[in-house]
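To start, the structure itself, in structure tokens.
Residue numbers count from 1 along this sequence. Remember, it's 1-based here, ligands and their atoms both numbered in the order they're listed. What you see below is based on every heavy atom in this structure, not just the backbone, and it leaves out hydrogens, waters and symmetry mates.
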Amino acid sequence: MNIVSGERVGPRIKEFRVIPIAISDPPLLNSVGVHAAYALRTVIELITDDNISGISEIPGNIEINALLEKSRDVVLGADPFQLNKIRADIFSRYGAEESESRGDNPWDSRKLVHVYSAIEVACLDIQGKVCGRPVVDLLGGLCRETVPFSAYLFYKYKGAGGSLGYEIDPNAKGWDFARQAAAENSEEIIVQARAMMKEFGFKSIKLKGGVYPPEKEVDAIIQLRKSFGPDVPLRFDPNGVWKVETSIKYGKKMEGILQYLEDPTRGQEGMAKVRRALETPLATNMCTTSFEEIPSSVKLWSEDIILSDHHFWGGLRESVSLGRVCQTFGKGLSMHSNSHLGISLIAMVHMAAAIPNLSYDLDTHYPWQSEEIIEGGRVKFEDGNVAVPREPGLGIELDHAALTNLHNAYKNCNITHRDDTAEMKKIDPDWEFQAIRW
Ligand code: GKR
Ligand code: MG
């Protein structure tokens, strides 16, 4: 590839700030364990030599933060419009930093895509401000003016997370109370769903599974259907811990009820076997998570729907390209999430608004978080939707005082990585992660 930087026609990046933060996170349960009291995010702030700022947010950990710090060499002095060059420089200089074995969650543990996506989103924010146009317009323009999200339910222990840990704030009411309440059975999941739907107006539901034996979780899906009726689409995600046979057996019990079944089992081959045995569409954020995996995904037909995530697909532009790939091969597209704040949410909104074939409501963990670092506070949902900002760039600005508070929380929380298994072992020392549990 012959990438040139061209004539100097605009601003250059003069400052690159990497600000790790820790956000309060309730004890949500999943197949890997339980969320720690704090989730780590990293905020990036770029400033140009004419004092335009661009921001972004990614899942943080000490390795990603260290690579971000290194990539300062590429970013400082760069033209924020020359994203192809920035990307090529990052991948060629730091490619060796990517390790082949990426632990229990290899799909969202690639470093370079996270680092590049952080820089790309912040550069797009700057580009938008320079041109006086919102990021969505730089991605091809609006396909929709509001972006629909889904209620994302979790089994959980009692607790608010953050400094309250497993305690509940005594003044909490409505969703704020339900967010902190325990949900360890179908009845409590229904209560959680009602409170979340009432607060945010969501029109569809996803339940995170892989926590309890399949019988119990499938019962929750059946109870959700009974409570909300056929007009509320349901999705269910056991995060790959079911065997192929288990996925087929319980998949058949949920046939006709689910809008899609997400990652019942691990790997493209297993998913393809399940797919052939069921009518229900399959979705993934685990078995097809990079462009390199698209050919085998198409050949095997491991899933019908890809859940993109700009943090690990390598930015907003790559995710828009993924939308085109999905359209070409007749796959649906939606979006995956992890615990996050408003900068990630708004970046998702710009991207989703620019993708014509976005066929499903998006996942978001946002209701589970209570803090915010953008001016104006928490992002508002109306009828489950977030309006696409029409201001230049992302259309949001950092609240530096709030950012400092969460940076201080990071310095005090003694967490360097997400490790849900270690957290679970604090509660049950015999608990072990099993990639295939049932
Ligand atoms: O937040 O516990 C969680 C989820 O299980 C998350 O880690 C997953 O990546 O939301 C995700 C998913 O859809 O698989
Ligand atoms: Mg998933």
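Taking any N or O of Ser339, backbone or side chain, none lies under 3.5 Å from an N or O belonging to ligand 1. No N or O atom of Asp363 sits closer than 3.5 Å to an N or O atom of ligand 1. The N/O atoms of Asp237, backbone and side chain alike, include one that comes under 3.5 Å of an N/O atom in ligand 1.
No salt bridge links Lys111 with Glu63; every basic N to acidic carboxylate O contact stays at or beyond 4.0 Å. Salt-bridge annotation for Glu292 and Arg110: absent, with no side-chain N of the basic residue lying under 4.0 Å from a carboxylate O of the acidic one.
Interatomic distance, Leu341 CG to Glu372 CD, rounded to the nearest 0.5 Å: 5.0 Å.
Looking only at atom types and distance, the side chain of Asp420 has a donor-acceptor partner in the side chain of Asn30 under 3.5 Å away. Under 3.5 Å, the side chains of Glu303 and Ser297 contain a donor-acceptor pair of N or O atoms. Checking Asp309 against His311 by side-chain atom types alone, a donor-acceptor pair falls below 3.5 Å. Inspection of the Glu69 and Asn65 side chains reveals no N or O donor paired with an N or O acceptor under 3.5 Å.
Between Tyr166 and Tyr157, the angle of the ring planes lies from 30° to 60°, which puts this pair in the tilted group.
Taking the six-membered ring where the residue is Trp, the centroids of Trp242 and Phe236 are separated by under 6.0 Å.
Cation-pi geometry between Arg378 and Tyr366 is met: under 6.0 angstrom from the ring centre, within 45 degrees of the axis.
Under 4.0 angstrom from ligand 1, there are no non-hydrogen atoms of Arg235. Only the side chain of Asn338 comes within 4.0 Å of ligand 1, judged by heavy-atom distances. In Leu28, neither the side chain nor the backbone holds a heavy atom less than 4.0 Å from any atom of ligand 1. Proximity of Lys206 to ligand 1, defined as any heavy-atom pair under 4.0 Å, is confined to the side chain (atoms from C-beta onward).
Residue Glu262 has at least one heavy-atom neighbour below 4.0 Å for each of these atoms of ligand 1: 12 (C), 13 (O). Of all atoms in ligand 1, listed by their number and element, those nearer than 4.0 Å to a heavy atom of Arg418 are 1 (O), 2 (O), 3 (C), 7 (O). Near Ser337, meaning under 4.0 Å from one of its heavy atoms, ligand 1 places the atoms 10 (O), 11 (C). Proximity to Tyr152 (heavy-atom distance under 4.0 Å) selects the following atoms of ligand 1: 4 (C), 10 (O), 11 (C), 12 (C), 13 (O). With ligand atoms numbered from 1 in the order given, ligand 1 contributes 2 (O), 3 (C), 5 (O) to contacts under 4.0 Å with heavy atoms of Asn30. Residue Asn239 has at least one heavy-atom neighbour below 4.0 Å for each of these atoms of ligand 1: 5 (O), 12 (C), 14 (O).
If you check each of Lys208, His340, His35, Lys156 against atom 3 (C) of ligand 1, the one with the closest non-hydrogen atom is His35.
Taking 2.8 Å as the criterion, Asn285 counts as a coordinating residue of the Mg ion (ligand 2), since one of its N, O or S atoms falls below it. Residue contact annotation: Glu262 places an N/O/S atom under 2.8 Å from the Mg ion (ligand 2).
Not a single heavy atom of Met335 sits under 4.0 Å from any atom of ligand 1.
For the side-chain contact (heavy atoms from CB on, under 4.5 Å) test with Asp363, the passing option among Met335, Met348, Glu262 is Glu262; the others fail.
The Mg ion (ligand 2) lies closest to atom OD2 when only the N/O/S atoms of Asp237 are considered.
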